[in-house]
2 protein chains.
Amino acid sequence: MAQSKKKAEKKEPKDEILKAALKLFTQKGYFNTSVADIRREADVSTGTIYHYFKNKEAIADALYQDIIASLNDSLKEIKNRTKNSFERLRAIVELFFALTEDASEVMGFIVLAHHQEFLPSEKPLSMSPPFLLLTEIMQEGIRSGELRRMDPVVANACFYGTLSRMIQLRLEDALEKPLDWYLLDTWTAIWKALSP
Amino acid sequence: MAQSKKKAEKKEPKDEILKAALKLFTQKGYFNTSVADIRREADVSTGTIYHYFKNKEAIADALYQDIIASLNDSLKEIKNRTKNSFERLRAIVELFFALTEDASEVMGFIVLAHHQEFLPSEKPLSMSPPFLLLTEIMQEGIRSGELRRMDPVVANACFYGTLSRMIQLRLEDALEKPLDWYLLDTWTAIWKALSP
DNA sequence: GTCTATACGCCGATAGAC
DNA sequence: GTCTATCGGCGTATAGAC
(Lines give C-alpha, C1' and ligand atoms only; values in the text may rest on other atoms or scores of the structure.)
Protein backbone atom coordinates (compact mmCIF):
# COMPACT_ATOMS: atom_id res chain seq x y z
CA MET A 1 0.00 0.00 0.00
CA ALA A 2 2.72 2.44 0.88
CA GLN A 3 5.65 1.24 -1.16
CA SER A 4 4.06 2.39 -4.45
CA LYS A 5 7.13 3.57 -6.43
CA LYS A 6 6.20 2.55 -9.96
CA LYS A 7 5.37 -1.06 -10.42
CA ALA A 8 5.46 -2.12 -6.78
CA GLU A 9 6.91 -5.45 -7.81
CA LYS A 10 10.29 -5.43 -6.14
CA LYS A 11 10.55 -6.84 -2.64
CA GLU A 12 11.66 -4.10 -0.32
CA PRO A 13 14.78 -5.18 1.56
CA LYS A 14 13.58 -3.31 4.62
CA ASP A 15 10.46 -5.43 4.78
CA GLU A 16 12.43 -8.60 4.21
CA ILE A 17 14.68 -7.69 7.11
CA LEU A 18 11.73 -6.95 9.38
CA LYS A 19 10.00 -10.15 8.40
CA ALA A 20 13.10 -12.23 9.03
CA ALA A 21 13.79 -10.53 12.34
CA LEU A 22 10.24 -11.03 13.54
CA LYS A 23 10.40 -14.70 12.72
CA LEU A 24 13.71 -15.23 14.47
CA PHE A 25 12.97 -13.04 17.50
CA THR A 26 9.78 -14.97 18.13
CA GLN A 27 11.33 -18.38 17.51
CA LYS A 28 14.60 -18.00 19.37
CA GLY A 29 14.31 -14.76 21.27
CA TYR A 30 16.01 -11.44 20.67
CA PHE A 31 19.28 -12.31 22.39
CA ASN A 32 19.63 -15.68 20.73
CA THR A 33 19.29 -14.04 17.34
CA SER A 34 22.40 -12.50 15.82
CA VAL A 35 22.47 -9.95 13.07
CA ALA A 36 24.13 -12.64 10.97
CA ASP A 37 21.06 -14.83 11.51
CA ILE A 38 18.80 -12.05 10.28
CA ARG A 39 21.12 -11.39 7.37
CA ARG A 40 20.91 -15.04 6.32
CA GLU A 41 17.15 -15.39 6.81
CA ALA A 42 16.42 -12.18 4.93
CA ASP A 43 18.97 -13.05 2.24
CA VAL A 44 20.62 -9.65 2.30
CA SER A 45 24.08 -8.49 3.30
CA THR A 46 25.24 -6.99 6.56
CA GLY A 47 25.69 -3.66 4.83
CA THR A 48 22.08 -3.60 3.69
CA ILE A 49 20.86 -4.21 7.22
CA TYR A 50 22.88 -1.33 8.58
CA HIS A 51 21.81 0.84 5.70
CA TYR A 52 18.17 0.56 6.77
CA PHE A 53 18.61 0.29 10.52
CA LYS A 54 20.95 1.99 12.92
CA ASN A 55 21.53 -1.20 14.87
CA LYS A 56 19.92 -4.44 15.96
CA GLU A 57 17.82 -2.76 18.61
CA ALA A 58 16.33 -0.43 16.00
CA ILE A 59 15.00 -3.45 14.12
CA ALA A 60 13.20 -4.68 17.20
CA ASP A 61 11.91 -1.21 17.90
CA ALA A 62 10.51 -0.81 14.39
CA LEU A 63 8.71 -4.14 14.74
CA TYR A 64 7.34 -3.18 18.11
CA GLN A 65 6.04 0.21 16.93
CA ASP A 66 4.49 -1.29 13.80
CA ILE A 67 2.66 -3.97 15.69
CA ILE A 68 1.48 -1.68 18.47
CA ALA A 69 0.14 0.79 15.91
CA SER A 70 -1.64 -1.89 13.93
CA LEU A 71 -3.13 -3.37 17.08
CA ASN A 72 -4.32 0.05 18.11
CA ASP A 73 -6.03 0.52 14.76
CA SER A 74 -7.79 -2.80 15.10
CA LEU A 75 -9.03 -1.99 18.59
CA LYS A 76 -10.28 1.42 17.47
CA GLU A 77 -12.10 -0.22 14.60
CA ILE A 78 -13.71 -2.65 17.02
CA LYS A 79 -14.71 0.14 19.32
CA ASN A 80 -16.44 1.98 16.48
CA ARG A 81 -18.08 -1.10 15.08
CA THR A 82 -19.64 -2.31 18.33
CA LYS A 83 -22.01 -0.66 20.74
CA ASN A 84 -21.51 -2.25 24.15
CA SER A 85 -18.92 -3.96 26.35
CA PHE A 86 -20.14 -7.45 25.64
CA GLU A 87 -19.66 -7.08 21.91
CA ARG A 88 -16.42 -5.17 22.27
CA LEU A 89 -14.65 -7.55 24.59
CA ARG A 90 -15.88 -10.55 22.70
CA ALA A 91 -14.63 -9.06 19.44
CA ILE A 92 -11.23 -8.45 21.02
CA VAL A 93 -10.98 -12.06 22.14
CA GLU A 94 -11.87 -13.17 18.62
CA LEU A 95 -9.32 -10.79 17.12
CA PHE A 96 -6.51 -11.99 19.36
CA PHE A 97 -7.33 -15.64 18.79
CA ALA A 98 -7.51 -15.14 15.03
CA LEU A 99 -4.23 -13.22 14.99
CA THR A 100 -2.57 -15.99 16.95
CA GLU A 101 -3.59 -18.54 14.35
CA ASP A 102 -2.96 -16.38 11.29
CA ALA A 103 0.01 -14.30 12.41
CA SER A 104 1.56 -16.29 15.19
CA GLU A 105 4.88 -14.47 14.97
CA VAL A 106 3.24 -11.12 15.55
CA MET A 107 1.37 -12.39 18.57
CA GLY A 108 4.40 -14.18 19.92
CA PHE A 109 6.39 -11.00 19.73
CA ILE A 110 3.72 -9.02 21.55
CA VAL A 111 2.50 -11.53 24.09
CA LEU A 112 5.66 -13.48 24.92
CA ALA A 113 8.59 -11.10 24.57
CA HIS A 114 9.90 -8.93 27.38
CA HIS A 115 10.43 -5.78 25.41
CA GLN A 116 11.94 -3.91 28.28
CA GLU A 117 14.90 -6.27 28.25
CA PHE A 118 15.98 -5.25 24.77
CA LEU A 119 14.15 -1.93 24.36
CA PRO A 120 15.13 -0.27 27.62
CA SER A 121 13.58 3.08 26.80
CA GLU A 122 10.20 1.57 25.97
CA LYS A 123 7.27 1.82 28.36
CA PRO A 124 5.68 -1.43 29.57
CA LEU A 125 3.18 -2.95 27.17
CA SER A 126 0.37 -2.19 29.63
CA MET A 127 1.02 1.52 29.04
CA SER A 128 0.87 1.33 25.24
CA PRO A 129 -2.05 2.90 23.34
CA PRO A 130 -3.95 -0.30 22.53
CA PHE A 131 -3.79 -1.43 26.13
CA LEU A 132 -4.87 1.95 27.42
CA LEU A 133 -7.76 1.76 24.99
CA LEU A 134 -8.69 -1.63 26.40
CA THR A 135 -8.64 -0.19 29.91
CA GLU A 136 -10.86 2.65 28.73
CA ILE A 137 -13.33 0.21 27.21
CA MET A 138 -13.53 -1.72 30.45
CA GLN A 139 -13.92 1.38 32.58
CA GLU A 140 -16.82 2.52 30.40
CA GLY A 141 -18.42 -0.86 30.87
CA ILE A 142 -18.08 -0.61 34.63
CA ARG A 143 -19.47 2.93 34.70
CA SER A 144 -22.45 2.01 32.59
CA GLY A 145 -23.20 -0.98 34.81
CA GLU A 146 -22.71 -3.47 32.03
CA LEU A 147 -19.71 -4.87 33.88
CA ARG A 148 -19.55 -5.63 37.60
CA ARG A 149 -18.37 -2.93 39.95
CA MET A 150 -14.77 -3.98 40.51
CA ASP A 151 -11.30 -2.54 40.42
CA PRO A 152 -10.47 -1.77 36.76
CA VAL A 153 -7.01 -3.19 37.20
CA VAL A 154 -8.43 -6.52 38.27
CA ALA A 155 -10.95 -6.49 35.44
CA ASN A 156 -8.09 -5.88 33.05
CA ALA A 157 -5.93 -8.61 34.54
CA CYS A 158 -8.81 -11.03 34.38
CA PHE A 159 -9.53 -10.26 30.75
CA TYR A 160 -6.06 -9.92 29.34
CA GLY A 161 -4.51 -12.46 31.70
CA THR A 162 -6.87 -15.22 30.64
CA LEU A 163 -6.63 -14.24 26.99
CA SER A 164 -2.84 -14.03 26.88
CA ARG A 165 -2.44 -17.26 28.82
CA MET A 166 -4.50 -19.15 26.25
CA ILE A 167 -2.43 -17.58 23.50
CA GLN A 168 0.78 -18.48 25.28
CA LEU A 169 -0.28 -22.10 25.65
CA ARG A 170 -1.17 -22.22 21.98
CA LEU A 171 2.17 -20.77 20.93
CA GLU A 172 3.97 -23.22 23.21
CA ASP A 173 2.07 -25.92 21.36
CA ALA A 174 0.48 -27.05 24.62
CA LEU A 175 -3.08 -27.18 23.27
CA GLU A 176 -4.59 -30.12 21.51
CA LYS A 177 -6.80 -28.03 19.26
CA PRO A 178 -6.58 -24.64 17.56
CA LEU A 179 -7.65 -21.67 19.60
CA ASP A 180 -11.11 -21.17 18.15
CA TRP A 181 -12.01 -24.56 19.53
CA TYR A 182 -11.66 -22.98 22.99
CA LEU A 183 -13.31 -19.69 22.09
CA LEU A 184 -16.70 -20.35 23.63
CA ASP A 185 -15.31 -21.71 26.91
CA THR A 186 -12.80 -18.88 27.17
CA TRP A 187 -15.35 -16.21 26.49
CA THR A 188 -17.85 -17.73 28.93
CA ALA A 189 -15.24 -17.76 31.69
CA ILE A 190 -14.22 -14.18 31.04
CA TRP A 191 -17.76 -12.94 30.85
CA LYS A 192 -18.82 -14.72 34.03
CA ALA A 193 -15.92 -13.05 35.80
CA LEU A 194 -16.77 -9.58 34.52
CA SER A 195 -20.55 -9.42 34.21
CA PRO A 196 -22.66 -8.28 37.19
CA MET B 1 18.59 -25.92 57.58
CA ALA B 2 20.73 -27.88 55.20
CA GLN B 3 24.12 -26.25 55.47
CA SER B 4 24.72 -27.51 59.04
CA LYS B 5 28.48 -28.22 59.03
CA LYS B 6 29.42 -27.22 62.56
CA LYS B 7 28.45 -23.74 63.57
CA ALA B 8 26.48 -22.87 60.46
CA GLU B 9 27.87 -19.36 60.62
CA LYS B 10 29.82 -19.10 57.41
CA LYS B 11 28.05 -17.82 54.36
CA GLU B 12 28.20 -20.45 51.67
CA PRO B 13 29.63 -18.96 48.47
CA LYS B 14 27.30 -21.13 46.44
CA ASP B 15 24.28 -19.54 48.09
CA GLU B 16 25.72 -16.07 47.67
CA ILE B 17 26.18 -16.72 43.99
CA LEU B 18 22.64 -18.02 43.60
CA LYS B 19 21.21 -15.09 45.52
CA ALA B 20 23.14 -12.58 43.44
CA ALA B 21 22.22 -14.27 40.19
CA LEU B 22 18.53 -14.40 41.09
CA LYS B 23 18.53 -10.72 41.88
CA LEU B 24 20.27 -9.74 38.67
CA PHE B 25 18.39 -12.14 36.40
CA THR B 26 15.10 -10.76 37.67
CA GLN B 27 16.18 -7.13 37.54
CA LYS B 28 17.95 -7.06 34.20
CA GLY B 29 17.19 -10.39 32.60
CA TYR B 30 19.44 -13.38 32.01
CA PHE B 31 21.09 -12.07 28.86
CA ASN B 32 21.76 -8.63 30.24
CA THR B 33 23.55 -10.15 33.21
CA SER B 34 27.20 -11.10 32.74
CA VAL B 35 29.11 -13.52 34.91
CA ALA B 36 31.20 -10.51 35.92
CA ASP B 37 28.02 -8.85 37.22
CA ILE B 38 27.23 -11.90 39.33
CA ARG B 39 30.82 -12.05 40.52
CA ARG B 40 30.63 -8.44 41.69
CA GLU B 41 27.20 -8.72 43.30
CA ALA B 42 28.10 -11.92 45.14
CA ASP B 43 31.51 -10.56 46.07
CA VAL B 44 33.40 -13.66 44.96
CA SER B 45 35.90 -14.28 42.20
CA THR B 46 35.36 -15.71 38.76
CA GLY B 47 37.19 -18.84 39.83
CA THR B 48 34.79 -19.43 42.68
CA ILE B 49 31.80 -19.16 40.40
CA TYR B 50 33.20 -21.74 38.00
CA HIS B 51 34.19 -23.94 40.89
CA TYR B 52 30.55 -24.29 41.96
CA PHE B 53 28.87 -24.10 38.57
CA LYS B 54 29.78 -25.51 35.23
CA ASN B 55 28.72 -22.33 33.43
CA LYS B 56 26.30 -19.45 33.55
CA GLU B 57 23.40 -21.56 32.34
CA ALA B 58 23.93 -23.98 35.22
CA ILE B 59 23.36 -21.13 37.68
CA ALA B 60 20.02 -20.34 36.11
CA ASP B 61 19.14 -24.00 36.03
CA ALA B 62 19.91 -24.46 39.73
CA LEU B 63 17.71 -21.49 40.55
CA TYR B 64 14.92 -22.81 38.39
CA GLN B 65 15.01 -26.29 39.92
CA ASP B 66 15.16 -24.93 43.47
CA ILE B 67 12.22 -22.64 42.97
CA ILE B 68 10.11 -25.22 41.16
CA ALA B 69 10.74 -27.75 43.92
CA SER B 70 9.91 -25.31 46.66
CA LEU B 71 6.76 -24.22 44.87
CA ASN B 72 5.75 -27.82 44.48
CA ASP B 73 6.20 -28.42 48.21
CA SER B 74 4.03 -25.43 49.01
CA LEU B 75 1.27 -26.58 46.68
CA LYS B 76 1.36 -30.08 48.13
CA GLU B 77 1.11 -28.63 51.62
CA ILE B 78 -1.88 -26.59 50.54
CA LYS B 79 -3.51 -29.61 49.00
CA ASN B 80 -3.14 -31.57 52.25
CA ARG B 81 -4.26 -28.73 54.47
CA THR B 82 -7.46 -27.93 52.59
CA LYS B 83 -10.45 -30.04 51.74
CA ASN B 84 -12.11 -28.54 48.67
CA SER B 85 -11.42 -26.57 45.52
CA PHE B 86 -12.60 -23.28 46.92
CA GLU B 87 -10.14 -23.40 49.80
CA ARG B 88 -7.35 -24.78 47.66
CA LEU B 89 -7.49 -22.26 44.87
CA ARG B 90 -7.98 -19.41 47.28
CA ALA B 91 -4.95 -20.53 49.28
CA ILE B 92 -2.89 -20.67 46.11
CA VAL B 93 -3.84 -17.12 45.21
CA GLU B 94 -2.87 -16.01 48.70
CA LEU B 95 0.41 -17.89 48.50
CA PHE B 96 1.37 -16.36 45.16
CA PHE B 97 0.42 -12.86 46.26
CA ALA B 98 2.36 -13.21 49.50
CA LEU B 99 5.40 -14.58 47.70
CA THR B 100 5.29 -11.68 45.29
CA GLU B 101 5.45 -9.21 48.15
CA ASP B 102 7.96 -11.11 50.31
CA ALA B 103 10.15 -12.73 47.68
CA SER B 104 9.63 -10.65 44.58
CA GLU B 105 12.80 -11.92 42.94
CA VAL B 106 11.63 -15.50 43.14
CA MET B 107 8.28 -14.68 41.64
CA GLY B 108 9.81 -12.49 38.99
CA PHE B 109 12.05 -15.31 37.93
CA ILE B 110 9.17 -17.76 37.72
CA VAL B 111 6.40 -15.59 36.34
CA LEU B 112 8.27 -13.20 34.05
CA ALA B 113 11.26 -15.07 32.67
CA HIS B 114 11.19 -17.13 29.49
CA HIS B 115 13.17 -20.07 30.71
CA GLN B 116 13.18 -21.80 27.39
CA GLU B 117 15.30 -19.00 25.95
CA PHE B 118 18.21 -19.70 28.26
CA LEU B 119 17.44 -23.24 29.43
CA PRO B 120 16.80 -24.85 26.06
CA SER B 121 16.46 -28.37 27.40
CA GLU B 122 13.86 -27.39 29.99
CA LYS B 123 10.20 -28.20 29.54
CA PRO B 124 7.72 -25.30 29.52
CA LEU B 125 6.67 -24.09 32.96
CA SER B 126 3.17 -25.40 32.35
CA MET B 127 4.60 -28.93 32.33
CA SER B 128 6.46 -28.60 35.63
CA PRO B 129 5.30 -30.52 38.73
CA PRO B 130 3.65 -27.63 40.56
CA PHE B 131 1.69 -26.64 37.50
CA LEU B 132 0.63 -30.21 36.83
CA LEU B 133 -0.51 -30.37 40.44
CA LEU B 134 -2.57 -27.24 39.89
CA THR B 135 -4.16 -28.81 36.84
CA GLU B 136 -4.94 -31.91 38.89
CA ILE B 137 -6.57 -29.83 41.61
CA MET B 138 -8.77 -28.09 39.08
CA GLN B 139 -9.73 -31.31 37.34
CA GLU B 140 -10.80 -32.80 40.66
CA GLY B 141 -12.92 -29.74 41.26
CA ILE B 142 -14.59 -30.11 37.91
CA ARG B 143 -15.24 -33.83 38.43
CA SER B 144 -16.74 -33.28 41.86
CA GLY B 145 -19.01 -30.57 40.50
CA GLU B 146 -17.50 -27.89 42.69
CA LEU B 147 -16.22 -26.12 39.59
CA ARG B 148 -18.19 -25.55 36.41
CA ARG B 149 -18.03 -28.11 33.67
CA MET B 150 -15.50 -26.55 31.33
CA ASP B 151 -12.35 -27.39 29.49
CA PRO B 152 -9.59 -27.85 32.11
CA VAL B 153 -7.15 -25.92 29.95
CA VAL B 154 -9.44 -22.91 29.95
CA ALA B 155 -10.01 -23.20 33.69
CA ASN B 156 -6.28 -23.25 34.16
CA ALA B 157 -5.71 -20.28 31.89
CA CYS B 158 -8.41 -18.35 33.66
CA PHE B 159 -6.94 -19.05 37.08
CA TYR B 160 -3.25 -18.77 36.40
CA GLY B 161 -3.62 -16.14 33.70
CA THR B 162 -5.44 -13.73 35.97
CA LEU B 163 -3.15 -14.49 38.88
CA SER B 164 0.09 -14.10 36.95
CA ARG B 165 -1.12 -10.93 35.25
CA MET B 166 -1.76 -9.29 38.61
CA ILE B 167 1.67 -10.37 39.74
CA GLN B 168 3.26 -9.06 36.57
CA LEU B 169 1.60 -5.68 37.00
CA ARG B 170 2.80 -5.53 40.57
CA LEU B 171 6.37 -6.40 39.62
CA GLU B 172 6.26 -3.79 36.85
CA ASP B 173 5.23 -1.34 39.55
CA ALA B 174 2.01 -0.63 37.70
CA LEU B 175 -0.25 -1.00 40.73
CA GLU B 176 -1.04 1.76 43.17
CA LYS B 177 -1.34 -0.56 46.16
CA PRO B 178 0.29 -3.79 47.32
CA LEU B 179 -1.23 -6.99 46.03
CA ASP B 180 -3.25 -7.99 49.07
CA TRP B 181 -5.28 -4.84 48.54
CA TYR B 182 -6.58 -6.50 45.35
CA LEU B 183 -6.95 -9.97 46.82
CA LEU B 184 -10.69 -9.93 47.37
CA ASP B 185 -11.49 -8.51 43.93
CA THR B 186 -9.12 -10.91 42.24
CA TRP B 187 -10.45 -13.91 44.04
CA THR B 188 -14.06 -12.92 43.38
CA ALA B 189 -13.37 -12.60 39.66
CA ILE B 190 -11.61 -15.95 39.50
CA TRP B 191 -14.26 -17.73 41.50
CA LYS B 192 -17.11 -16.30 39.45
CA ALA B 193 -15.38 -17.57 36.34
CA LEU B 194 -14.86 -21.06 37.71
CA SER B 195 -17.82 -21.82 39.97
CA PRO B 196 -20.97 -23.40 38.55
C1' DG C 1 38.58 -23.62 47.51
C1' DT C 2 39.64 -19.15 46.13
C1' DC C 3 42.12 -16.09 43.65
C1' DT C 4 44.25 -13.31 39.27
C1' DA C 5 45.43 -13.22 34.74
C1' DT C 6 44.41 -14.32 30.34
C1' DA C 7 42.85 -16.86 26.15
C1' DC C 8 39.68 -16.73 22.56
C1' DG C 9 35.42 -16.86 20.05
C1' DC C 10 31.46 -14.46 18.76
C1' DC C 11 28.94 -10.64 17.50
C1' DG C 12 27.71 -5.95 16.66
C1' DA C 13 29.19 -2.46 13.95
C1' DT C 14 32.20 0.07 10.40
C1' DA C 15 35.01 0.92 6.18
C1' DG C 16 35.20 1.37 1.78
C1' DA C 17 34.84 -0.77 -3.05
C1' DC C 18 31.47 -1.14 -6.61
C1' DG D 1 22.00 0.88 -2.18
C1' DT D 2 24.34 -3.29 -1.79
C1' DC D 3 28.22 -5.79 -1.14
C1' DT D 4 32.70 -8.06 1.28
C1' DA D 5 36.13 -7.75 4.50
C1' DT D 6 37.49 -6.71 8.88
C1' DC D 7 37.91 -4.51 13.46
C1' DG D 8 37.27 -3.80 18.33
C1' DG D 9 35.32 -5.24 22.43
C1' DC D 10 32.77 -7.85 25.43
C1' DG D 11 31.83 -11.87 27.85
C1' DT D 12 32.44 -16.76 28.79
C1' DA D 13 35.41 -19.86 30.28
C1' DT D 14 40.17 -21.76 31.47
C1' DA D 15 44.91 -21.99 33.44
C1' DG D 16 47.43 -22.19 37.04
C1' DA D 17 49.41 -19.94 41.39
C1' DC D 18 48.43 -19.88 46.23
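Here is how names work: the chains are called A, B, and so on, in the same order as the sequence lines, proteins then strands, and each is numbered from 1.
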Item checked: B:K56 side chain, from C-beta outward: closest of D:dT12, C:dA13, C:dC3 -> D:dT12
Note to self: From C-beta outward on B:T48, which listed nucleotide comes closest to its side chain: C:dT14, D:dT14, C:dT2?
What the structure shows: C:dT2
Margin query: Starting the side chain at C-beta, find the nucleotide from D:dT14, D:dA5, D:dT2 nearest to A:P13.
Written below: D:dT2
Next item on the list: With A:D151 as reference, evaluate B:L175, B:T186, B:L184, B:D185 under the side-chain contact (heavy atoms from CB on, under 4.5 Å) test and give the passing residue.
Entry: B:D185
Checklist line | Between D:dA13 (C1') and B:N55 (CG): distance, integer Å | finding: 9 Å
Notebook entry, point to check: Between C:dG12, C:dT4, C:dC3, which nucleotide gets closest to the side-chain atoms of B:V44?
Noted result: C:dC3
Next item on the list: Specify the separation, in whole Å, of atom CZ of A:R39 and atom P of C:dA13.
Entry: 16 Å
Next item on the list: Please name the residue in the list A:F97, A:F86, A:Y182 that meets the ring pair (Phe, Tyr, Trp, His ring centres under 6.0 Å) test with A:W187.
Entry: A:F86
Notebook entry, point to check: Counting side-chain heavy atoms from CB outward, which of D:dG1, D:dA13, C:dT2 is closest to A:Y52?
Noted result: D:dG1
Notebook entry, point to check: Would A:K79 and A:E140 satisfy salt bridge (charged side-chain N to carboxylate O under 4.0 Å, His left out), going step by step from the backbone distance to the final call?
Noted result: CA-CA 12 Å; A:K79 190 168 185 206; A:E140 271 183 34; 3.2 Å; yes
Notebook entry, point to check: D:dC10 P sits how many Å from B:D37 CG, rounded?
Noted result: 13 Å
Item checked: Given DNA chain C, 5'-ward residue of the pair B:D43 and A:K54, judged by closest heavy atom -> B:D43
Check: In whole angstroms, how far is the C1' atom of C:dC11 from the CD atom of A:E57?
Finding: 16 Å
Item checked: Side chain of B:H51 - closest among C:dT4, C:dG1, C:dA13 -> C:dG1
Checklist line | Length of the OH-P vector between A:Y50 and D:dT4, whole Å | finding: 16 Å
Notebook entry, point to check: When the distance from CZ of B:F53 to P of D:dT12 is rounded to whole Å, what number comes out?
Noted result: 15 Å
Next item on the list: With the side chain counted from C-beta on, respond yes when B:W191 and B:V93 share a heavy-atom pair under 4.5 Å apart, and no when they do not.
Entry: no
Checklist line | Options C:dA13, D:dC3, C:dC3, nucleotide nearest the side-chain atoms of A:S45 | finding: D:dC3
Checklist line | Watson-Crick or G-U stems of DNA chain C, 3 or more pairs, under 3.5 Å, by first number | finding: C:1-18 with D:1-18
Next item on the list: Among B:K19, B:Q27, B:K23, find the residue that satisfies the side-chain hydrogen bond (donor to acceptor under 3.5 Å, both in side chains) test when tested with B:E41.
Entry: B:K23
Notebook entry, point to check: Base, sugar-phosphate alone, or nothing: which one does A:S34 contact when heavy atoms must sit under 4.0 Å apart?
Noted result: sugar-phosphate
Checklist line | Length of the line joining B:E16:CD and C:dT2:C1', which is rounded to integer Å | finding: 15 Å
Item checked: Aromatic ring proximity, centroids under 6.0 angstrom, A:Y160 and A:F131 -> yes
Notebook entry, point to check: Regarding A:K56 and the six-membered ring of A:F118, is the cationic atom NZ or CZ under 6.0 Å from the ring centre and inside 45° of its axis?
Noted result: no
Next item on the list: Specify the separation, in whole Å, of atom CD1 of A:I49 and atom C1' of C:dC11.
Entry: 13 Å
